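One structure is given here, and the rest of the page talks about it.
Small disclaimer: the values here were computed from a predicted structure and weren't measured.
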Amino acid sequence: MSAIVPGAVPAVTTAAPAGPSRWANLRSVLSVAVRSASVDVGLVILVFWIVDAVAWHLFVPFDPLAQGGGNLLAPGGAHLLGTDNLGRDVLSRVLAGASSVLTLAPIGTLIGVALGTVVGLITGYYRGVADTLIMRVVDALLALPPIILAALALSMLGTSEFAVALLIGVIFTPIVARTVRSAVMTERDAEYVAAARLRGESGAYIMAAEILPNVTAPIIVEATVRFGYAIFIAGTLSFLSLGLQPPSPDWGLTVYTEQNFVQVQPWTVLGPAIALGTLVVSVSLVSDGLRKAMDS
């Protein structure tokens, strides 16, 4: 039997305010999104093109770069989508063309989202002079027309795949930074962040371990939106002859090189154009579904 000391005050343990479960918001958004029919359709199309981009060598009936003797054949027979004026099989070039698009767009999107997330976390958390200076630079970058910026950058960097991907990432960085900064500003005054400060955690730890997991959902949504734009930008740069160069089967480049023959051989343009359109639409369906799930 324990003795009770007169005048003693029982010890009371006060728990620090518990923050939201890490990744809970993201799991909730994804669980709602996958129940959407439009998201499912978009995912099916997107997965098809991703598999094709990785393993197109297994699917193409002919070498996409090989010039055949039967120039300009209409669709049918061994050449389901016909051949171009150099005798190259259009179907094989369409299937092989997914590889360049789904290499440049994801890498460019990843660069833009990574850099934009870092900038958004720093400006949203610290605010003050750093926020003002960095966001003015962001505003300046947003004021530049992307095509003019692309033309200037690629004229200096060259038209390699890495240069195009890096350019896409630079274009997306200020856009992603604004989105992340807005989400971080909402979280920076939450109780779980205040508790981390009271524990003496550093700013870098709070941003990476406390705030970032709770703003992942809007970052994922923004990444899917940017991915769709990255596909469009990569195709546009190739169409303007600022991206990949012949004889690449890249879709945008193929549309550019075959546009002069569209009246006599429309299948050479329709194939890559429809493929590019279905890929952009599939990403748009997924991103719209994620955005609706986040707003619900």
Side-chain angles (χ1 to χ4, degrees), residues 25-26 29 101-189 203-204 206-208 211-240 242-243 252 280 283-284 286-288 290-291 294-295:
N25 190 24
L26 177 60
V29 169
V101 175
L102 287 174
T103 298
L104 298 177
I107 294 176
T109 302
L110 182 61
I111 293 173
V113 171
L115 294 177
T117 298
V118 172
V119 173
L121 281 170
I122 293 173
T123 56
Y125 180 75
Y126 286 110
R127 305 292 303 278
V129 177
D131 178 34
T132 302
L133 293 176
I134 295 176
M135 292 313 296
R136 295 298 75 78
V137 175
V138 167
D139 291 339
L141 290 174
L142 289 174
L144 295 174
I147 296 301
I148 295 179
L149 178 62
L152 292 174
L154 291 178
S155 65
M156 294 183 294
L157 299 175
T159 55
S160 65
E161 291 189 2
F162 174 76
V164 174
L166 179 62
L167 174 63
I168 292 174
V170 171
I171 291 174
F172 288 165
T173 295
I175 304 173
V176 176
R178 278 190 171 277
T179 300
V180 176
R181 174 178 177 269
S182 177
V184 171
M185 288 174 63
T186 302
E187 298 290 331
R188 69 185 298 272
D189 296 323
I206 294 174
M207 286 187 289
I211 296 179
L212 181 59
N214 292 294
V215 297
T216 303
I219 292 175
I220 294 294
V221 174
E222 183 66 22
T224 58
V225 173
R226 293 305 122 208
F227 182 40
Y229 279 106
I231 295 170
F232 180 77
I233 291 175
T236 301
L237 291 176
S238 295
F239 179 79
L240 296 176
L242 295 173
V280 172
V283 176
S284 297
V286 174
S287 63
D288 288 345
L290 288 173
R291 188 186 300 110
M294 191 176 68
D295 293 339

Close side-chain approach of [X] to [Y], heavy-atom, < 4.5 Å:
{"X": "Val119", "Y": "Val180", "answer": "no"}
{"X": "Thr186", "Y": "Val215", "answer": "no"}
{"X": "Val225", "Y": "Arg291", "answer": "yes"}
{"X": "Phe172", "Y": "Glu222", "answer": "no"}
{"X": "Ile111", "Y": "Ile168", "answer": "no"}
{"X": "Leu104", "Y": "Leu237", "answer": "no"}

Would you check if the side chain of [X] reaches a backbone N or O of [Y] as a donor-acceptor pair within less than 3.5 Å?
{"X": "Ser238", "Y": "Gly235", "result": "no"}
{"X": "Ser182", "Y": "Thr179", "result": "no"}
{"X": "Arg226", "Y": "Thr109", "result": "no"}

State the CD1-OG1 distance between Ile219 and Thr224, to the nearest 0.5 angstrom.
->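 Spacing of CD1 (Ile219) from OG1 (Thr224) equals 12.0 Å.
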Spacing of Thr216 atom OG1 and Ile211 atom CD1 [to the nearest 0.5 Å] |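 Between Thr216 OG1 and Ile211 CD1, I get 11.5 Å after rounding to 0.5 Å.
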Within 6.0 Å of OH in Tyr229, more than 12 heavy atoms from elsewhere |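 It does not: Tyr229 OH has 12 such atoms or fewer within range.
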